[in-house]
Protein chains: 2
Amino acid sequence: MKEIFGSASGSPGSTPPAALAAKVRTLAPSMTRSMQRVAETVAADPAGCAALTVTGLAELTGTSEATVVRTARVLGYPGYRDLRLALAGLAAQQQSGRAPALTTDIAVDDPIADVVAKLAYDEQQTLADTAAGLDTVQLGAAVTALAGARRVDVYGVGASGLVAQDLTQKLLRIGLIAHAHSDPHLAVTNAVQLKAGDVAIAITHSGSTGDVIEPLRVAFEHGATTVAITGRPDGAVTQYADHILTTSTARESELRPAAMSSRTSQLLVVDCLFIGVAQRTYEQAAPALSASYEALAHRHRR
Amino acid sequence: MKEIFGSASGSPGSTPPAALAAKVRTLAPSMTRSMQRVAETVAADPAGCAALTVTGLAELTGTSEATVVRTARVLGYPGYRDLRLALAGLAAQQQSGRAPALTTDIAVDDPIADVVAKLAYDEQQTLADTAAGLDTVQLGAAVTALAGARRVDVYGVGASGLVAQDLTQKLLRIGLIAHAHSDPHLAVTNAVQLKAGDVAIAITHSGSTGDVIEPLRVAFEHGATTVAITGRPDGAVTQYADHILTTSTARESELRPAAMSSRTSQLLVVDCLFIGVAQRTYEQAAPALSASYEALAHRHRR
DNA sequence: GTCACCTTTGAAAGATATTTTCGCGGCGGT
DNA sequence: ACCGCCGCGAAAATATCTTTCAAAGGTGAC
């Protein structure tokens, strides 16, 4: 019966897996030559050794299994198995340590793995920035307006048009009457119908997209509550907006157009609006959500 | 921020030890009950499980050794031994430095500021998980296919439809011929036109959306290169997919439908595809990008 | 409701890996 | 040169992991 470990799960009782190199140095003098060879090999490449069995490590160091096990004992582990686990831990730590070298731009010759990492990192950054910069008072006001709205119109063209549609889809699912407009003419035509109690939302990264500002102005002048989701809180769109929700912008580059990060940012804002409204209208939203889920179930194959 | 693994020095091919919780979430639906129990136990306490033998873990979860090994396989490891090593690595990482994070769900009575913080955090998590779980080989293959495609069709309905449109918009901007279809009939009708050298992409979170699978099947049978972007790598859609890109799934809750995080994940994948293609076709993509930018300038007001 | 079929599961056999045992051979002291 | 001790590895013994196989449980067809 081998393998005795304390019952406690995450107990930090055992040796902190760091300082392995130091331990090797300290204990080396008290080891025999073969054991030193093993210890040094292990200290030099924890990751590599973690992948080896006793036999493998014995061969690699030109020794025997017994020696490897003895070395593990000297290093303070019950046996090789546990040394190996510690090694794996060490390797993982080392690897995660040297992570944040991702500040560079995406280059034309970046390997695909780097592209993934950099993009993910950038978008995470965008999300953090957006969350930090979002004015919760304005957001709350916008949510209140939406929760009591008779009708909601959302304007957005280009990439922002998709965000507008996303918001619309979500609001519809919780029983609100919402429309997305990406055709500027139709948008204006519809905006004329709005009145007090209705909500109009304009989504534009630049804050100066005429096709989106125009319908918002009309809605504003007809007494609707207007919301602007924009990356430029000083843009032209804000002059017709009762509530301004600011999105954040990541540096753009040649390969990474601004539309990409602004979309991420806009979607977060839109999600916040949605959840906010769902909270306020919970009684009605919850059943509506599950109802729409049910309705789609049969569209899924086995 | 979560671990983004670099080039990975010594450790050969094995799965990056990150994102285990995410992988469990992704794969859980395709597991049997007992396996799920094992997977969840492991995800909940990596450190504790790393200290257990197969037999120990089997007893703890009330299953058999065989089930434990099977679970390890599903999670992408050759056997339990390797899972255990990965677990040890994960545990070490967790212990080393880790923000406790807001793990709580979004509640009905959360103040709006918390909603923003939690949503942002969740989406960041989703991005990290997606990046960690994305198969760069498959991604590279998909990019290659796209870069040389005569024509690209993208299928997606519902929330995924917007992602499909997003991809299409981007590809169009760099000179590819791309169409998004959310009408299943039209999608099939168009799929018939595809042939070798064309690319068809299906986007579906569930992996079993008939309306999206059908056109992909037709495209597949007509010789087009097919790509599936899905959260269920074992879903029905994958049987007609030459390349499978897996999106990650966050735990969903009543207020936060799965569609939300899957969209974030899908968009990251789509962005990676786009950047990848832009890299490959740089000579042609760069001028096309700035050209489309120029063309829109006059639409912005002063 | 019943049957046939498929899936899931655990017990036990089989294969590997780890630990222990045991004795050989080198080395320093006498 | 002889004796005894220490380091070392081969191989046996044990623990651990993997595979196989048959029974239990569930599902859909009739």
Side-chain angles (χ1 to χ4, degrees), chain A residues 1-6 14 24 27-42 46 48-88 297-298 300-302, chain B residues 12 14-15 24 27-42 46 48-89 208 232 234-236 239:
Chain A
M1 160 96 71
K2 269 306 95 63
E3 192 119 29
I4 346 98
F5 5 67
S14 61
V24 168
L27 294 167
S30 67
M31 294 186 199
T32 67
R33 238 184 332 283
S34 318
M35 284 164 77
Q36 283 180 22
R37 218 162 45 243
V38 175
E40 274 159 28
T41 307
V42 155
C49 294
L52 295 168
T53 69
V54 227
T55 318
L57 186 53
E59 265 177 34
L60 179 67
T61 56
T63 64
S64 67
E65 289 99 324
T67 303
V68 173
V69 173
R70 284 186 202 113
T71 310
R73 294 265 162 76
V74 172
L75 290 175
Y77 301 93
Y80 176 70
R81 203 189 309 279
D82 298 75
L83 169 62
R84 196 174 166 187
L85 282 178
L87 243 38
H298 79 278
H300 295 282
R301 285 189 186 170
R302 269 268 68 216
Chain B
S14 72
T15 316
V24 168
L27 268 26
S30 65
M31 292 187 201
T32 65
R33 238 185 334 284
S34 324
M35 285 165 79
Q36 283 181 23
R37 218 162 44 242
V38 175
E40 273 158 29
T41 306
V42 155
C49 295
L52 295 166
T53 68
V54 228
T55 317
L57 186 53
E59 267 177 33
L60 180 66
T61 56
T63 64
S64 65
E65 290 98 327
T67 303
V68 172
V69 173
R70 279 193 281 261
T71 309
R73 293 265 160 77
V74 172
L75 290 175
Y77 302 93
Y80 176 69
R81 203 187 304 278
D82 298 77
L83 168 62
R84 197 174 165 187
L85 282 179
L87 243 39
S208 58
R232 291 287 304 272
D234 63 332
Q239 65 192 112

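Here is the naming used below: chain letters follow the sequence lines, and residue numbers restart at 1 for every chain.
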Checklist outcome for this item: In terms of heavy-atom contacts, Tyr77(A) and Leu83(A) come closest through CE1-CD1, 3.6 Å
Protein-nucleotide distance ([X], atom [atom1]; [N], atom [atom2]), rounded to Å:
X: Met31(A); N: dC6(D); atom1: CE; atom2: P; result: 19 Å
X: Tyr77(B); N: dT18(D); atom1: OH; atom2: C1'; result: 18 Å
X: Arg33(B); N: dG10(C); atom1: CZ; atom2: P; result: 10 Å
X: Arg81(B); N: dA15(D); atom1: CZ; atom2: P; result: 16 Å
X: Glu65(B); N: dG10(C); atom1: CD; atom2: P; result: 10 Å
X: Leu85(B); N: dC17(D); atom1: CG; atom2: C1'; result: 13 Å
X: Asp82(A); N: dA17(C); atom1: CG; atom2: P; result: 17 Å
X: Met35(B); N: dT8(C); atom1: CE; atom2: P; result: 9 Å

Item to check | Euclidean distance, Thr71(B) OG1 relative to Gln36(B) CD, rounded to 0.5 Å | outcome: 9.5 Å
Checklist entry - Distance from Glu40(A) atom CD to Met35(A) atom CE, nearest 0.5 Å? => result 12.5 Å
Checklist outcome for this item: Sequence neighbours excluded, the answer for side chain to side chain donor-acceptor pair (under 3.5 Å) partners of Arg232(B) is Asp234(B)
Checklist entry - In chain order, what residues pass the side chain to side chain donor-acceptor pair (under 3.5 Å) check against Thr61(B), with sequence neighbours excluded? => result Thr63(B)
Checklist entry - Met31(B) versus Leu75(B): any side-chain heavy-atom pair under 4.5 Å? => result yes
Item to check | Validation row: Val42(A), Leu57(A) side chains within 4.5 angstrom (heavy atoms) | outcome: yes
Quick check on [N]: is either OP1 or OP2 less than 4.0 Å from any side-chain nitrogen or oxygen of [X]?
X: Ser64(B); N: dA11(C); result: no
X: Ser34(A); N: dC8(D); result: yes
X: Thr53(A); N: dA17(C); result: no
X: Thr32(A); N: dG7(D); result: no
X: Arg84(B); N: dC17(D); result: yes
X: Arg73(A); N: dT20(C); result: yes

Checklist entry - Which comes earlier along DNA chain C counting from the 5' end, the contact point of Thr67(B) or that of Arg70(A), where each point is its nearest nucleotide? => result Thr67(B)
Next on the checklist: Considering every strand and a 4.0 Å limit on heavy-atom distances, what is the contact class for Arg37(B): base, sugar-phosphate, or nothing?
Outcome noted: nothing
Checklist entry - By a strict heavy-atom criterion of less than 4.0 Å, which residues belonging to residues 55-63 of chain A are in contact with DNA chain C? => result Thr55(A)
Item to check | Side chain of Tyr80(A) - closest among dT9(C), dT18(C), dT20(C) | outcome: dT18(C)
